[in-house]
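When a ligand or atom number is given, it counts from 1 through the structure's own listing order. Just so we're clear, the structure is a prediction, and the values are computed from it rather than from any experiment.
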Amino acid sequence: MSENDDQFARARVSIPGGVNSPVRAFGSVGGTPRFLVSANGAYVTDVEGRNYVDLVSSWGPAILGHAHPDAVKAVQDAAARGLSFGASTPAETELAELVRARVTNAAGDAPIEKLRLVSTGTEATMTAIRLARGFTGRELLIKFAGHYHGHSDGLLAEAGSGLATLSMPGSAGVTAATAAQTIVVPYNDLEALRAVFAERGDNIAAIIFEAAAANMGVVVPQPGFNAAISKLAHEYGALTIIDEVLTGFRVGPAGWWGLESETTPWIPDLVTFGKVVGGGMPLAALGGRADVMDYLAPLGPVYQAGTLSGNPVAVAAGLATLRAADDAVYAKLHAVADTISAAVSTALTAEGVAHVVQRAGTLFSFVFSSTAPQNYDEVRAQDAFRYPPFFHAMLDAGVSLPPSVYEAWFVSAAFDDDAIARVVAALPAAARAAAAATP
Ligand SMILES: Cc1ncc(COP(=O)(O)O)c(C=O)c1O
């Protein structure tokens, strides 16, 4: 037994499945999860002292690389002033102002008129939906199959990676009444969406969607799709909630919406953020139209609260991260994503493994299929059995990939030549393992 095995066995005694979030359990790739003790730059280190080039990046937040000096200093300084006050702080307003200023496009559109801080992406989407229901006085919600918006009750139908990894269609413990209020529609299918609105449009409060899907691997919206959703929703008096928890501030300085609205202008009613906005600390946010946001308590009738909302240490991490994430950082993320995705593709091609590179800004993933999927069913039709041996060959060579074929790969601006060289060197053996895999 290795030290990682020992740790996993011990964890399973006291923690369900040995993990505090299911995908960490290596369920779909098999083997023992690595128990990490530290992280720096592009690398993470496990309890056995082995270090790995990290393509998980804490599932998104670590765009600058782990333990970036600016973020660490900001956190240390904030912690020294007090861990939590349960009262307002000037830094919360600064973060709200920074997000509002960043989320603008060349046309001057600025959809974040007001912003509220919460602690997790799950809370952000849950609150946005309650707010949309309160504002419209309607009950139904539309989501797309394969989009993940956190683990609140109404959002767990066909919710992408975490459930797909465990082959679960949804979650036990969600009442039939709650499930009936969420309508699940195939992604990138405007006709299906039109049909739902035509049938039930007078009771649809909102449609929630990932700005670009990245929880079933990356699947970008077809050109104009998001804008068409918005037009349709507004025709029926429903709100749009774009979920940028994963894409926001990672794919570009103003999120996916910022990239997309350069060519296809449209304005979301509500937007959710998480991950990068908290710089690796528990912080997330929802923002949008002032008239809708002002429906939140204490101004409005929709209740939302949190002991740790706007926590000063988390806010310090978020501010430091966003301030450091300048154009050079995004250019670096793009360059690293280009290099690594091309190297993976070359290695798989050399072994004759059918695959497609899926890309959304700085995010990418691979499907083991010869055609690019447009929706969840097509993603799930891939040769997923090729991923576990590929994953383990990379891990053995000191490269940590997401432990599921249904996840995006996350690079950071801390990737240097050595980190990239290690990834590239590991690829031929991993591609051979993928080629040799059988269903
Ligand atoms: C698009 C999206 N929305 C919401 C969430 C939930 O965020 P959290 O895990 O912080 O609750 C996630 C998490 O991966 C996500 O990717």
Side-chain angles (χ1 to χ4, degrees), residues 19-25 55-63 116-130 132 141 143-166 171 182 187 206-221 226 240-252 255-257 268 270-288 304 306 308-311 314 317-318 321 358 360-365 376 379 402-404 406-410:
V19 292
N20 284 313
S21 195
V23 179
R24 296 180 196 168
L55 283 144
V56 181
S57 296
S58 182
W59 302 98
I63 46 168
R116 175 151 292 177
L117 303 183
V118 294
S119 298
T120 66
T122 293
E123 269 182 86
T125 56
M126 181 187 79
T127 304
I129 291 162
R130 184 181 305 143
L141 175 76
K143 79 176 281 287
F144 291 114
H147 286 218
Y148 179 65
H149 304 290
H151 64 279
S152 66
D153 281 3
L155 290 171
L156 282 176
E158 299 191 53
S161 171
L163 295 155
T165 299
L166 301 172
S171 172
T182 306
Y187 191 38
I207 172 163
I208 186 168
F209 49 105
E210 288 187 59
N215 279 287
M216 49 173 156
V218 173
V219 180
V220 292
N226 286 350
T240 52
I241 304 170
I242 51 165
D243 185 347
E244 294 246 30
V245 166
L246 196 152
T247 47
F249 311 121
R250 173 161 272 279
V251 299
W256 178 264
W257 174 83
L270 292 173
V271 187
T272 54
F273 302 98
K275 301 188 188 262
V276 175
V277 77
M281 298 288 285
L283 188 145
L286 67 149
Q304 178 277 332
L308 296 176
S309 290
N311 172 270
T321 300
Q358 300 279 98
T362 65
L363 280 170
F364 58 97
S365 67
Y376 196 37
V379 165
S404 167
Y406 302 111
E407 297 287 354
W409 296 24
F410 300 93

- [ ] Supply the atom-to-atom distance Ile242 CD1 to Thr247 OG1, rounded to the nearest 0.5 angstrom.
- [x] 7.0 Å
Using heavy atoms and a threshold below 4.0 Å, how should the contact between [X] and ligand 1 be classified: side chain, backbone, both, or neither?
X	value
Tyr148	both
Lys275	side chain
Val245	side chain

Should you measure from each heavy atom of [X], which atoms of ligand 1 turn up under 4.0 Å away?
X	answer
Glu210	1 (C)
Leu246	16 (O)
Gly121	6 (C), 7 (O), 8 (P), 10 (O), 11 (O)
Gly150	4 (C), 5 (C), 6 (C)

Open item on the list: Can you confirm whether some protein heavy atom lies under 4.0 Å from atom 9 (O) of ligand 1, or whether none does?
Closed with: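 Protein heavy atom within 4.0 Å of atom 9 (O) of ligand 1: absent.
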Any N or O of [X] closer than 3.5 Å to N or O of ligand 1:
X	answer
Asn215	yes
Asp243	yes
Thr125	no

- [ ] Would you kindly say whether Arg130 and Gln304 are connected by a side-chain donor-acceptor distance under 3.5 Å?
- [x] no
- [ ] Measure across Gln358 and Val218 and return the closest heavy-atom pair with its distance rounded to 0.1 Å.
- [x] NE2-O, 2.8 Å
